[in-house]
2 protein chains.
Amino acid sequence: MKEPVKTIRDTDEDARRLARRLVRSARYGAIGVIEPGTGFPFVSRVLTGLDVDGAPLILISGLSVHTDALLADPRASLLFGEPGKGDPLAHPRISVRTRAERIRRDDPAHARMRARFIARHPKAALYVDFPDFAFFRMTPQSANMNGGFGKAFLLEAGDLLIDSPAIADVAQLEPSAIAHMNADHPGTADLYARVLGKSKKTGWTLCGVDCAGLDLSNLDELMRIEFDEPLSQASELQTKLVQLSRFAREK
Amino acid sequence: MKEPVKTIRDTDEDARRLARRLVRSARYGAIGVIEPGTGFPFVSRVLTGLDVDGAPLILISGLSVHTDALLADPRASLLFGEPGKGDPLAHPRISVRTRAERIRRDDPAHARMRARFIARHPKAALYVDFPDFAFFRMTPQSANMNGGFGKAFLLEAGDLLIDSPAIADVAQLEPSAIAHMNADHPGTADLYARVLGKSKKTGWTLCGVDCAGLDLSNLDELMRIEFDEPLSQASELQTKLVQLSRFAREK
């Protein structure tokens with residue numbers, strides 16, 4: 001890998017936060033795989049979700065080029081960060097090198113991934129159980145981020161994966177936490193979105209909870225709210241949600 | 001390459017037109033290359049232009065991962081077609097397998113590529129002459145297009161390249177045709193954009209002309225107007241422009 005020292009900036013906390021936001025708030029990305037037979041690096045578009053430790057998830061058809069490719073060679077990269085208006089190169093984006101692992105339906109992690117993915121992409125419920133579709137977990141190996149012209153950073157796997165002893169416990173709590181927040185605290189997701197995510201819209205609901213933050217959803221939009229620090233035990237989740245609401249109300 | 005017959009539709013003229021529009025109207029795309037050293041398929045974002053025969057052009061820094069990669073292995077793919085609102089997988093996109101060729105500054109084609117690229121991306125004028133930047137011509141080999149869920153097509157190089165004996169002659173005429181149209185027929189680009197491209201905006205100017213169509217530009221937007229048939233000689237260009245104006249005025 002080329003590391004042209006004079007153009008790569010030191011990876012600081014701001015860069016790590018931006019990198020995580022790009023990966024974790026994405027609805028979709030461009031995936032690059034090595035096409036069997038031709039050997040071409042082949043790029044296509046995939047919806048993306050997140051596993052409980054921050055690793056991207058994809059749900060793809062066995063009839064696609066990328067399924068064949070990933071089964072033959074697990075090396076893949078994912079480009080996150082979509083340009084809005086203006087110069088496309090002024091918008092930050094990140095290329096994450098990943099190793100793909102196909103998740104079997106009888107894998108204990110499958111139900112959790114399925115639930116999290118559908119919460120993020122409700123329309124995927126239409127085909128998630130088709131026999132030719134499968135989840136792949138895309139474990140980050142390293143990444144190159146471009147925060148705009150001349151702002152290049154290199155990141156390591158650890159910068160993108162969530163590090164906490166509470167990952168499994170928070171995953172257990174997630175479904176009830178989401179149901180409780182959306183049913184018993186209507187308006188809180190809108191409050192988070194307005195104050196913490198600068199959204200001018202209403203209609204947000206909570207669709208994901210993990211040790212490092214919250215995912216909010218509003219029709220076809222997603223928003224990621226990152227905690228300052230990952231939770232170190234599941235019991236901190238409730239305190240954190242209350243803290244965020246209080247902080248947001250005071251703003 | 002996998003060709004799952006039951007999911008691939010026959011490539012008809014509508015599919016070819018959509019494929020050309022996706023490639024030729026793009027401001028940018030995701031490029032996949034094979035990264036030297038790691039062997040990973042690496043995806044990043046590039047601005048794209050068009051050579052006079054419809055082959056995509058990119059302008060990239062020698063300090064980037066993709067320059068090193070393309071010099072070591074010219075196989076690359078380009079994903080075109082950006083999602084707007086709604087389901088990202090409902091928006092058409094195309095993955096074009098290409099072979100990259102670096103264009104030296106003393107190549108006779110360089111000045112033409114430079115002019116066409118800057119006409120499309122005026123801000124690229126700021127760095128196009130930096131010594132570490134270079135154009136690569138990305139000659140299409142084949143493509144997979146996805147026109148929306150379940151609408152997959154395979155395309156050949158010939159579906160994406162412009163076939164005409166007049167390519168070089170029209171390229172000669174291009175600068176004066178653009179200058180003439182924008183200076184002497186103000187409003188004509190707006191007329192084309194409104195009637196042929198369903199734009200509600202004004203402020204369009206002509207920024208490219210080739211045997212197969214016109215490129216219109218409006219700040220950060222591009223629009224491609226394809227002719228029904230490619231011009232077979234350069235003298236047909238004026239007639240075609242007049243014909244399009246007449247057709248548009250009658251609408």
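What you see is a predicted model, and the numbers here were worked out from it, not measured in a lab. Worth knowing before you read on, the calculation uses all heavy atoms, side chains too, and leaves out hydrogens, waters and symmetry mates. Labels below follow one simple rule: chain letters A, B, ... track the order of the sequence lines, proteins then strands, and each chain is numbered from 1.
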Give, as side chain, backbone, both or neither, the part of [X] having an atom under 4.5 angstrom from any heavy atom of chain B.
X	answer
A:Arg45	both
A:Ile94	neither
A:Thr98	backbone
A:Glu82	both
A:Phe40	both

Contacting moiety of B:Phe42, where chain A heavy atoms sit under 4.5 Å = both
Which atoms of B:Ile31 come close to chain A, meaning under 4.5 Å heavy atom to heavy atom: side chain ones, backbone ones, both, or neither?
-> backbone
Do you know which of A:Pro88, A:Ala69, A:Ala30 has the most heavy-atom pairs with chain B at a distance under 4.5 angstrom?
-> A:Pro88
Rounded to the nearest 0.5 Å, what separates atom [atom1] in [X] from atom [atom2] in [Y]?
X	Y	atom1	atom2	answer
A:Gln141	B:Thr38	CD	OG1	10.5 Å
B:Leu79	A:Ser44	CG	OG	7.0 Å
B:Glu35	A:Ser95	CD	OG	9.5 Å
A:Arg27	B:Asp87	CZ	CG	7.5 Å

Are side-chain heavy atoms of A:Leu78 and B:Val43 found at a separation under 4.5 Å?
-> no
State, with a plain yes or no, whether a side-chain heavy atom of B:Leu47 is found less than 4.5 Å away from one of A:Leu89.
-> yes
Within 6.0 Å of [atom1] in [X], more than 12 heavy atoms from elsewhere:
X	atom1	result
A:Asp10	CG	no
B:Asp132	CG	yes
A:Leu219	CG	no

Counting heavy-atom pairs under 4.5 angstrom with chain A, the leader among B:Glu221, B:Lys123, B:His91 is B:Lys123
Heavy-atom pairs under 4.5 Å with chain A are the metric here; pick the option from B:Ala152, B:Ser61, B:Gly32 that has the most.
-> B:Gly32
Closest contact, heavy atoms only, B:Ala76 versus A:Pro41 = CA-CG, 3.8 Å
